[in-house]
Amino acid sequence: MPTIRFLPNQDICPEGKDVEAKAGETILDVALRNHIHLEHACEKSCACTTCHVVVREGFDSMAESTEDEDDMLDKAWGLEPESRLGCQAKVADGDLVVEIPKYTLNMVSENH
């Protein structure tokens, strides 16, 4: 069973956390199931960037992002080549190391 190492994030997961995942689960679903409260303003519909994560290790083990995901990622704060939307990135058979960016753009909570 693959594992995901969530790197420390001062606000969401201060000490970091290693969790088990099932192939086919999204990074966001794994995080939420393990009490890592990654924002997801659009309720997992690939319509925002609040669940933006950076896959530091294991990026190539996942399926490629879709055009819709890429279009949304273009709007993410701190975009990197290994950026994914947690609601769209599905765990495959490899372990992952995931960083939750320090900032996110949340049009709902920020009253835009």
Side-chain angles (χ1 to χ4, degrees):
M1 184 173 285
T3 62
I4 299 177
R5 170 170 285 166
F6 288 94
L7 297 175
N9 174 290
Q10 182 178 347
D11 299 319
I12 297 172
C13 189
E15 296 182 16
K17 196 170 197 179
D18 291 352
V19 298
E20 290 188 352
K22 297 175 188 159
E25 279 187 295
T26 66
I27 291 172
L28 175 59
D29 286 335
V30 174
L32 295 175
R33 182 168 41 82
N34 288 280
H35 311 289
I36 300 169
H37 300 287
L38 186 58
E39 286 194 67
H40 52 288
C42 72
E43 297 300 321
K44 308 176 191 177
S45 66
C46 193
C48 73
T49 62
T50 57
C51 67
H52 169 225
V53 296
V54 181
V55 181
R56 294 291 181 205
E57 292 180 23
F59 183 83
D60 292 334
S61 71
M62 298 182 301
E64 289 188 26
S65 56
T66 64
E67 188 174 331
D68 287 342
E69 181 181 356
D70 289 340
D71 288 346
M72 288 309 306
L73 280 168
D74 285 341
K75 302 172 186 175
W77 180 91
L79 183 66
E80 296 190 26
E82 294 81 24
S83 287
R84 293 295 302 265
L85 294 181
C87 69
Q88 301 299 302
K90 292 185 179 178
V91 177
D93 55 359
D95 295 343
L96 303 175
V97 175
V98 173
E99 180 180 356
I100 301 167
K102 184 174 182 176
Y103 299 106
T104 188
L105 299 175
N106 187 332
M107 299 298 192
V108 175
S109 68
E110 295 172 3
N111 297 316
H112 290 276

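Values in this document were obtained by computation on a predicted structure and should not be read as measured data. Worth knowing before you read on, the calculation uses all heavy atoms, side chains too, and leaves out hydrogens, waters and symmetry mates.
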Heavy-atom closest contact ([X] atom, [Y] atom, distance):
| X | Y | result |
| --- | --- | --- |
| P14 | P8 | O-CB, 3.4 Å |
| P101 | V54 | CG-CG2, 4.4 Å |
| G58 | S61 | O-OG, 2.7 Å |
| S83 | G78 | OG-O, 4.3 Å |
| G86 | T26 | O-CB, 3.3 Å |
| A47 | C42 | N-SG, 3.3 Å |

Say you draw a straight line from [atom1] of [X] to [atom2] of [Y]; how long is it, rounded to the nearest 0.5 Å?
| X | Y | atom1 | atom2 | value |
| --- | --- | --- | --- | --- |
| H37 | D11 | NE2 | CG | 13.0 Å |
| E69 | R84 | CD | CZ | 4.0 Å |
| C48 | E43 | SG | CD | 9.0 Å |
| E80 | L73 | CD | CG | 11.5 Å |

If you draw a 6.0 Å radius around CG in D93, do more than 12 non-hydrogen atoms from other residues or ligands fall strictly inside? no
Other residues, nucleotides and ligands only: do more than 12 of their heavy atoms fall within 6.0 Å of NZ on K90? no
Evaluate the side chain to side chain contact (heavy atoms under 4.5 Å, CB included) criterion for residues S65 and Q88: first the C-alpha distance (whole Å), next the side-chain angles of each, then the deciding distance (0.1 Å), finally the verdict. CA-CA 8 Å; S65 56; Q88 301 299 302; over 6 Å; no
Mark yes or no for whether E99, through its side chain, and R56, through its backbone, hold a donor-acceptor pair below 3.5 Å. no
Kindly say whether H52 contributes a backbone atom to a donor-acceptor pair with the side chain of T49 at under 3.5 angstrom? no
Members other than M62 in its cluster, when Ile, Leu, Val, Met, Phe, Trp, Tyr link by side-chain heavy atoms under 4.5 Å? I4, F6, I12, V19, I27, L28, V30, L32, I36, L38, V53, V55, F59, V91, L96, V98, I100
Path from L85 to L79 over hydrophobic side-chain contacts below 4.5 Å: yes
Minimum side-chain heavy-atom gap N9-L7 below 4.5 Å: no
With a 4.5 Å limit on heavy-atom distance, are the side chains of R5 and D95 in contact? no
